[in-house]
Q: 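Dumping the structure here so I can ask a few things about it.
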Amino acid sequence: MTNPLSKLKGIRLSNNERLRMREHLALYADMNPAFDAEGAALPERGLFAFFSSRRFSLYAGALVALLVLGSGVTLAAEGSAPGDSLYALKVNVDEPVMTVLAATPTAQAKVAANIASRRIDEAVVLARRGTLTPERQMYLTTEFGKRVKIATEKADALAANGDASGSDTVKADFAASLAGEAQALGAVSTDDTGASGLLETVVATSEGISDGASSVAITQTINDSGSNTEVSTTGDATVVATTFAKNAATTTVRTLKASGKFTRLHFNASTTLHAAAKLNAASLFTPRIDIANPKPAEPESPSSLTGGVDLGN
Amino acid sequence: MDQDETKDQFLTVYDQYADDIFRFTVLKVSRREIAEDITQEVFMRYWQQVRSGADIGNDRALLYTMARNLVIDWYRKQKDQSLDHLTEEGFEFANDDHRTIEEKAQVREVLDAVKDLDEPSREALTLRFVDGMSPKDIAAISGETANAVSVRINRALKKVQDKLRIHEQLHD
């Protein structure tokens, strides 16, 4: 019998995959130049050759900014928001580089989702500073919408190419992430901060991405000067409840408690017990949530078992 | 050597080993997209070694070792991934892969023959007979002795040949 395993040489990158990865790696090498023995960057063949190369003309803005400013500055730009001096670097350099280096459709969908979430983070930052003007909210809402469109198109393309599981995972993760973003935005959303419009958009987007699989409602009751405002987010039961409990619980719930505005956090999910177990593991509440006897369903939502915790405010 | 020469050499190494690293990875992680991501990460890390002027020695061994380590990291984050996914759902050829149906069927047939091997045996067998590595080179990557690698390869090859013979008899 001839070597049967030679048939496995048939497992390889396609021409397009190989070329695309090569382009990415070439760009990566350009952005991280080699050093000589003294730690100085090696020279290019010549400035003329560099500036007239096709790659430079494609990524000119990004390359020049990085060469001039250095990678440490892009790190500092990460936390910037509209109006900050480094914000242009963040959206015109960092984010295009992130996009270019995403080699696969899944990675591209995740990068788009990540950049969408960044716009909401920036809204939270601005709202806390008291500088979320209507113009900035309009800008962030528009940019958020653009990235959501890209992320969902990429996720849909995965399903169209036979990777329904991958598509569902990307969407569920994105919807859960947005549910967490909504929590953070809700915490700073008042009539004065101007974030309520964007908050409605984020909530609606999260519902839309998860196709309204709203067996979960995480509801915050804000009791501020006697008036009650309810903000709710919905999403996939397991993912939102688990993600909320694992990730947002240790950050968002602390934020909610510390704000003094929230009196109660409701869980309305088939995985209430799971979420409660995770929150107990995070030791956020004293006394610990009674997993065996969660609160009975609220009158207005009789269809599901509701768990809830008082936040002590 | 200037930056462009260094980069050209790096891309030459990529051209030579990209398919090998991809194949090595996809046989372990079972998903084409994951294998692509890991392959790109391997070459990015390889560039970091090249740009720093490190004395690499054996490019090929370094690439395989990096791929192996990244796969191990990936496994740690997964719950339940196995080669069964690769064969039960059918290996995913790229959309622009224009080989014949018969050629693709032959690949799947061999994949089915190797999937029941334990992971170290599958790795050693494919490195030997697909990538052409010597038992000594394989030992440098896997951490076993060259002798242990040779024994493993011979046993695994017999199992694969037996399975393929059965397949031939069933389809005659």
Side-chain angles (χ1 to χ4, degrees), chain A residues 1-46 49-50 53 55 101-110 157-158 160-163 165-166 169-170, chain B residues 1-7 10-11 14-15 18-23 26-27 31-37 39-41 43-44 46-48 50-53 89 91-99 103-104 106-111 113-114 125-126 128-131 157 160-161 164-165 168:
Chain A
M1 178 184 274
T2 56
N3 173 17
L5 287 134
S6 61
K7 296 284 189 300
L8 292 183
K9 282 190 194 289
I11 297 175
R12 56 178 181 257
L13 294 162
S14 70
N15 284 338
N16 282 345
E17 286 168 342
R18 194 180 311 107
L19 285 170
R20 186 176 61 229
M21 194 181 298
R22 197 180 200 276
E23 286 289 310
H24 288 141
L25 290 168
L27 175 62
Y28 183 75
D30 286 335
M31 290 191 168
N32 296 274
F35 304 123
D36 64 16
E38 280 78 44
L42 291 181
E44 306 287 336
R45 280 197 190 123
F50 173 68
S53 73
R55 187 156 294 105
L101 289 178
T104 63
T106 301
Q108 288 157 13
K110 286 179 180 175
L158 284 173
N161 286 331
D163 188 5
S165 167
T169 300
V170 167
Chain B
M1 194 157 53
D2 62 19
Q3 159 72 2
D4 285 317
E5 284 167 344
T6 308
K7 191 179 85 176
F10 161 67
L11 292 174
Y14 168 81
D15 291 336
D19 280 336
D20 292 345
I21 298 300
F22 173 75
R23 180 175 45 247
V26 83
L27 286 174
R31 289 187 190 272
R32 192 177 190 90
E33 277 203 2
I34 307 292
E36 260 193 86
D37 282 346
T39 301
Q40 177 164 293
E41 181 68 25
F43 282 97
M44 286 165 71
Y46 172 74
W47 169 253
Q48 290 295 337
V50 168
R51 73 188 283 244
S52 69
E89 296 192 15
F91 173 68
E92 252 179 283
F93 288 92
N95 288 338
D96 58 341
D97 187 322
H98 300 299
R99 275 169 293 174
E103 285 168 335
K104 291 179 184 177
Q106 286 174 345
V107 171
R108 291 197 172 103
E109 181 189 342
V110 177
L111 275 176
V114 302
L125 200 64
T126 49
R128 177 78 186 98
F129 290 108
V130 183
D131 298 332
L157 183 61
V160 168
Q161 286 171 333
L164 288 171
R165 263 189 218 106
E168 274 182 10

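Below, chain A is the first sequence line, B the second, and so on; all start at residue 1.
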Q: Looking at B:Leu125, B:Leu157, B:Thr126, which makes the most heavy-atom pairs under 4.5 Å with chain A?
A: B:Leu125
Q: Just wondering, do A:Leu158 and B:Glu33 contact through their side chains at under 4.5 Å, heavy atoms?
A: yes
Q: Looking only at heavy atoms, which two atoms of B:Leu11 and A:Arg22 are closest? And how far apart?
A: CB-NH2, 3.5 Å
Q: Please find the pair of heavy atoms, one from A:Leu25 and one from B:Gln40, that lie closest to each other, and give the distance.
A: CD2-O, 3.9 Å
Q: For the residue pair A:Ile11 and B:Asp19, establish whether any side-chain heavy-atom pair is separated by less than 4.5 Å.
A: no
Q: Under 4.5 Å from any heavy atom of chain A, what part of B:Ile21 do you find: side chain, backbone, both or neither?
A: neither
Q: Could you tell me which non-hydrogen atom of A:Leu5 sits nearest to which non-hydrogen atom of B:Val110, and how far apart they are?
A: CA-CG1, 4.2 Å
Q: Does any non-hydrogen side-chain atom of B:Tyr14 lie less than 4.5 Å from one of A:Met21?
A: yes
Q: So, are B:Glu36 and A:Arg20 salt-bridged, with charged N and O less than 4.0 Å apart?
A: yes
Q: With chain A as the partner, which of B:Phe129, B:Trp47, B:Phe43, B:Phe10 has the greatest number of non-hydrogen pairs under 4.5 Å?
A: B:Trp47
Q: Under a 4.5 Å cutoff for heavy-atom pairs, which residue among A:Gly162, A:Pro105, A:Ser6, A:Ala107 has the most contacts with chain B?
A: A:Pro105
Q: Would A:Glu17 and B:Arg32 count as a side-chain contact (heavy atoms from CB on, under 4.5 Å) here? Give the steps.
A: CA-CA 11 Å; A:Glu17 286 168 342; B:Arg32 192 177 190 90; 3.0 Å; yes
Q: Between B:Asp15 and chain A, which part of the residue has a heavy atom less than 4.5 Å away: side chain, backbone, both or neither?
A: side chain
